[in-house]
Amino acid sequence: MPEAENHAPNDFIRDIIDEDLKTNKHDGRVATRFPPEPNGYIHIGHAKSVCLNFGLARQYGGTCNLRLDDTDPAGESMEYVESIIRDVHWLGFDWGKGLYYASGYFERLYQFAVELIKKSDAYVCSLTPEEIREYRGSFTEPGRESPYRNRSVEENLDLFARMRAGEFADGSQVLRAKIDMAAPNVVMRDPVIYRIKRETHYRTGDEWVIYPMYDFAHCLSDALERITHSICTLEFENNRPLYDWIVERLIPAERPKQIEFARLNVSYTVLSKRRLIELVQNNHVHGWDDPRMPTVSGMRRRGYTPEAVRNFCAAIGVAKNDNLVDAALLEHCVRDDLNERAPRAMCVLRPLKVVIDNYPESQMEDFDCANHPQKPHMGTRKIPFSKVLYIERDDFMEDPPKKYNRLGPGREVRLRNAYVVKYQSMEKDEKTGEIRQINCTYDPATRNAPPADGRKVQGVIHWISAAHAVPAEVRLYERLFTVEDPGSMENCLEYLNPNSLTVLTTCYVEQSLKNPAPGSQYQFERLGYFCADEKDTKDGRPVFNRVVSLRDSWTKVAARG
RNA sequence: UGGGGAAUCGUUCAAUGGUAGGACAGCGGACUCUGACUCCGUCAAUCAAGGUUCGAAUCCUUGUUCCCCAGCCA
């Protein structure tokens with residue numbers, strides 16, 4: 001099954017690791033980590049990183065930690081931590097005992113900062129935030145040194161201790177690394193490494209009023225965990241010199257190698273945390289696990305499988321090119337996996353009543369239907385057939401085009417798994433002109449056989465016996481945005497797809513689907529893959545999400561005329 | 001503008017001086033009690049210009065385009 005995952009070609013990161021292994025770089029160890037900040041739910045882009053980091057550990061017999069990078073209490077919460085843990089597990093990965101929090105290192109990080117001060121490599125700066133920005137210079141102008149840059153070690157030690165003790169107002173002091181205000185890389189112009197922020201931390205409460213910055217905490221956390229390959233996204237490339245600068249001064253024996261790869265973008269959706277939070281908070285979607293969301297929770301609720309997501313991550317590869325991956329590839333991976341495992345069933349989305357004139361009023365037959373046409377071992381189930389049926393409204397046309405392989409006046413079609421029926425008449429609502437009912441006759445000889453005279457029928461359509469139909473709600477999903485690359489647009493909310501959700505409340509499913517297991521997936525034949533909504537499916541009243549439609553070559557033909 | 005990155009079919013990832021290949025998408029066909037699946041076929045790319053070489057996507061030179069960085073976010 002994980003064929004795609006195993007046969008993925010080597011990428012540049014694996015090349016680097018192979019080389020490191022060859023030179024016995026870290027005694028042959030491979031240790032990675034997945035380091036999300038718990039300030040949102042993880043999404044398909046994170047899944048790429050999860051598959052990469054945990055996949056590397058798996059492939060090289062190494063380890064991969066899950067580390068919550070929680071150095072900024074604003075916006076972080078336990079709810080997010082729990083969602084991340086659940087989602088990474090669901091994706092199929094486990095970190096064993098390797099669950100860590102940057103906040104778990106706060107005391108050690110503080111001591112490292114003290115050490116840096118003692119080496120004269122850090123100082124407390126009393127400039128205002130605005131002044132710090134001004135002093136930083138610009139891309140073309142070097143920065144200017146802070147007037148506080150040359151405070152004595154003793155004074156810095158005292159000031160830093162008092163920062164921790166809460167003697168200063170938020171934003172009034174910071175600890176900065178003493179590097180080079182004229183560095184061409186602005187990251188190296190005496191970066192702030194600690195700030196004062198009176199905000200309750202979801203784990204450490206009010207124990208701290210100072211918090212380390214990412215650049216200080218992340219590299220040291222990596223080194224403390226003896227990470228060998230610290231894999232992150234391209235935007236951190238500029239920070240790598242600082243990463244190395246800090247670790248070299250504090251834990252030189254354990255310097256991990258930071259390697260950057262291109263973050264994932266997927267067409268017709270957004271993947272920036274800011275954008276996703278916006279969608280949730282402004283109620284453009286119904287929460288982080290809305291099936292339209294590209295979050296792991298959203299995909300799970302939608303009915304995607306972890307295998308499909310992993311296969312997708314293997315298929316997109318890992319490189320340093322900016323990319324916008326076609327959402328069709330994700331859908332392909334989902335179909336590919338669900339085609340293998342989803343039992344088939346019948347569902348009528350928009351019912352149209354059909355009466356079989358020559359079928360006895362009181363008669364009922366059970367048909368044995370294959371749960372999977374290519375997989376006999378998946379068994380069969382009984383489906384009742386009777387005089388009054390529902391078919392899909394789309395499967396009847398009063399005046400069909402030539403290539404229409406369905407029912408219409410004078411036409412004959414196969415009812416899937418049942419008889420061939422022939423059109424006889426229709427009833428219309430006199431006022432609206434809406435077709436209310438179709439009358440057909442059936443050919444009793446066609447139960448498990450083609451028409452005896454060898455005549456070809458127009459096609460095969462699905463159906464539900466009216467007397468046995470189970471009412472269901474079905475939710476159809478389409479892409480969230482109408483433009484390919486909404487993430488690149490400032491006003492992307494204007495391009496939200498108004499049809500991203502269609503709720504159908506008058507659907508019928510076959511009896512076997514009366515009480516589906518929450519989250520279970522099915523292929524509704526000729527329609528697509530659907531899953532029983534894990535939250536809203538109630539006893540005897542199923543709710544299905546359309547995971548993805550079946551590949552459809554008909555709408556294209558129809559559109560051409 | 002200074003620094004850091006990246007440029008290969010429509011999209012995405014390979015090819016590590018020696019036949020530019022795969023996947024997705026597209027197109028055409030076969031099969032079919034799912035207009036699905038499967039199968040077969042097909043279209044289609046080395047940013048540009050020079051140079052080195054028997055041979056260049058790969059090495060060199062020059063140029064072009066795109067992305068990232070001036071948070072006390074990560």
Side-chain angles (χ1 to χ4, degrees), chain A residues 4 7-11 15 35-37 39 69-72 74-75 125 127-129 132-134 136-143 170-176 183-189 191-197 210-211 213-215 217-218 232-241 260 262 267 273-274 314-326 328-333 335-336 339-340 344 346 370 372-374 403-406 413-418 420 446 448-450 457 459-462 523-528 549-558:
Chain A
H7 293 307
N10 237 29
D11 52 66
D15 287 345
E37 184 188 12
N39 65 348
D69 212 347
D70 53 359
T71 56
D72 180 2
C125 182
L127 254 23
T128 64
I132 287 182
R133 184 168 13 92
E134 285 165 25
R136 189 149 35 222
S138 70
F139 290 148
T140 47
E141 302 281 319
D170 286 14
S172 64
Q173 318 283 342
V174 290
L175 186 70
R176 302 176 71 175
N185 180 354
V186 294
V187 168
M188 299 299 273
R189 321 244 259 229
V192 172
I193 57 177
Y194 262 94
R195 76 283 214 184
I196 303 172
K197 199 165 193 169
I210 58 172
Y211 293 96
M213 298 287 290
Y214 164 85
D215 284 309
H218 194 93
C232 62
T233 43
L234 247 28
E235 64 269 29
F236 292 102
E237 224 153 14
N238 296 313
N239 303 51
R240 184 168 9 119
E260 309 86 6
S267 61
K273 200 116 62 161
R274 198 198 101 218
I316 58 177
V318 178
K320 300 187 75 158
N321 303 329
D322 289 329
N323 59 76
L324 180 61
V325 174
D326 194 340
L329 180 59
L330 217 204
E331 296 190 341
H332 163 78
C333 292
R335 287 191 189 104
D336 199 40
N339 179 46
E340 293 294 314
R344 282 30 345 188
M346 288 202 279
H372 193 299
Q374 282 84 36
K403 290 176 180 168
Y404 185 80
N405 297 334
R406 310 180 195 181
V413 295
R414 159 80 63 182
L415 294 177
R416 175 75 170 154
N417 293 313
V420 167
T446 56
N448 269 315
V457 298
V460 183
I461 65 173
H462 57 278
Q523 185 198 95
F524 292 168
E525 289 194 275
R526 303 210 310 129
L527 296 175
S549 66
L550 248 31
R551 233 174 130 244
D552 174 20
S553 52
W554 162 244
T555 42
K556 268 176 266 181
V557 175

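In what follows, every chain begins at residue 1, and chains take the letters A, B, ... in the order their sequences are listed.
- Counting any heavy atom pair closer than 4.0 Å across all strands shown, A:Thr71 reaches sugar-phosphate atoms only and no base atom.
- Looking at heavy-atom distances under 4.0 Å, A:Arg414 makes contact with a base.
- Of the P atoms belonging to B:A6 and B:G10, the separation is 23 Å, rounded to the nearest Å.
- The NZ-P distance, from A:Lys320 to B:G5, rounds to 7 Å in whole Å.
- Remark: A:Lys403 NZ to A:Trp554 CH2 distance equals 8.5 Å, nearest 0.5 Å.
- The same atom, P, is picked in B:G26 and in B:A20; the two are 28 Å apart, to the nearest Å.
- Nearest-nucleotide mapping onto RNA chain B: of A:Ala449 and A:Gly171, the residue sitting toward the 5' end is A:Ala449.
- Remark: the A:Asp552 side chain and the B:G35 base include no donor-acceptor N/O pair separated by less than 3.5 Å.
- Within 4.0 Å of A:Pro373, counting heavy atoms only, lies at least one base atom of the nucleic acid.
- Residue A:Arg344 places no side-chain N or O under 4.0 Å from the OP1 or OP2 atom of B:U34.
- Nucleic acid contact class of A:Ile316 (heavy atoms, under 4.0 Å, all strands): sugar-phosphate only.
- Taking atom C1' on both B:U12 and B:A45, the two are 12 Å apart, rounded to the nearest angstrom.
- Backbone-only contact: A:Ser553 has heavy atoms under 4.0 Å from sugar-phosphate atoms and none from a base.
- Heavy atoms of A:Phe236 sit under 4.0 angstrom from at least one base atom.
- Taking atom C1' on both B:C68 and B:A74, the two are 14 Å apart, rounded to the nearest angstrom.
- To the nearest angstrom, P of B:A74 lies 16 Å from CG of A:Asn238.
- In this structure, CG of A:Asn323 is placed 12 Å from P of B:U8, rounded to the nearest angstrom.
- The P atoms of B:U16 and B:G22 are separated by 16 Å, rounded to the nearest whole Å.
- Annotated as syn: B:G71, whose glycosidic dihedral is within 90° of 0.
- A:Gln374 contributes no side-chain N or O that forms a donor-acceptor pair with the base of B:U38 under 3.5 Å.
- As the counterpart of B:G10, B:C24 is assigned, both hydrogen-bonding distances of the Watson-Crick or G-U wobble pattern falling under 3.5 Å.
- Using a 4.0 Å heavy-atom distance criterion, A:Arg335 is classed as making no nucleic acid contact.
- Inter-residue side-chain proximity for A:Arg416 and A:Arg344 is flagged as unmet; no heavy-atom pair is nearer than 4.5 Å.
- Nucleotide B:U32 holds its C1' atom 14 Å from the CG atom of A:Leu550, rounded to whole Å.
- The side chain of A:Arg176 places no N or O atom within less than 4.0 Å of a non-bridging phosphate oxygen (OP1 or OP2) of B:C72.
- Here, B:C60 and B:G17 have their C1' atoms 14 Å apart, quoted to the whole Å.
- Of the candidates B:U34, B:A14, B:C27, the closest approach to any side-chain atom of A:Lys556 belongs to B:C27.
- A close approach under 4.0 Å does not occur between any side-chain nitrogen or oxygen of A:Lys273 and OP1 or OP2 of B:C73.
- Going from the P atom of B:A25 to that of B:U64 covers 39 Å, rounded to whole Å.
- The shortest distance between the side-chain N/O atoms of A:Asn321 and the OP1/OP2 oxygens of B:A7 is below 4.0 Å.
- Taking atom NE2 of residue A:His372 and atom P of nucleotide B:A36, one finds them 15 Å apart after rounding to whole Å.
- Here A:Asp15 lies in heavy-atom contact (under 4.0 Å) with a base.
- When heavy atoms are screened at a 4.0 angstrom cut-off, A:Leu324 is found touching the sugar-phosphate backbone but no base atom.
- Comparing A:Asp72 and A:Ala262 by the nucleotide of RNA chain B whose heavy atom lies nearest to each, the residue mapping closer to the 5' end is A:Ala262.
- Across all strands shown, A:Leu127 has heavy atoms under 4.0 Å from base atoms, whether or not it also approaches the sugar-phosphate.
- With hydrogens and angles ignored, no donor-acceptor pair under 3.5 angstrom links the side chain of A:Arg133 to the base of B:G71.
- A close approach under 4.0 Å does occur between a side-chain nitrogen or oxygen of A:Arg551 and OP1 or OP2 of B:C37.
- For B:C13 and B:U8, the C1' atoms lie 10 Å apart once the distance is rounded to whole Å.
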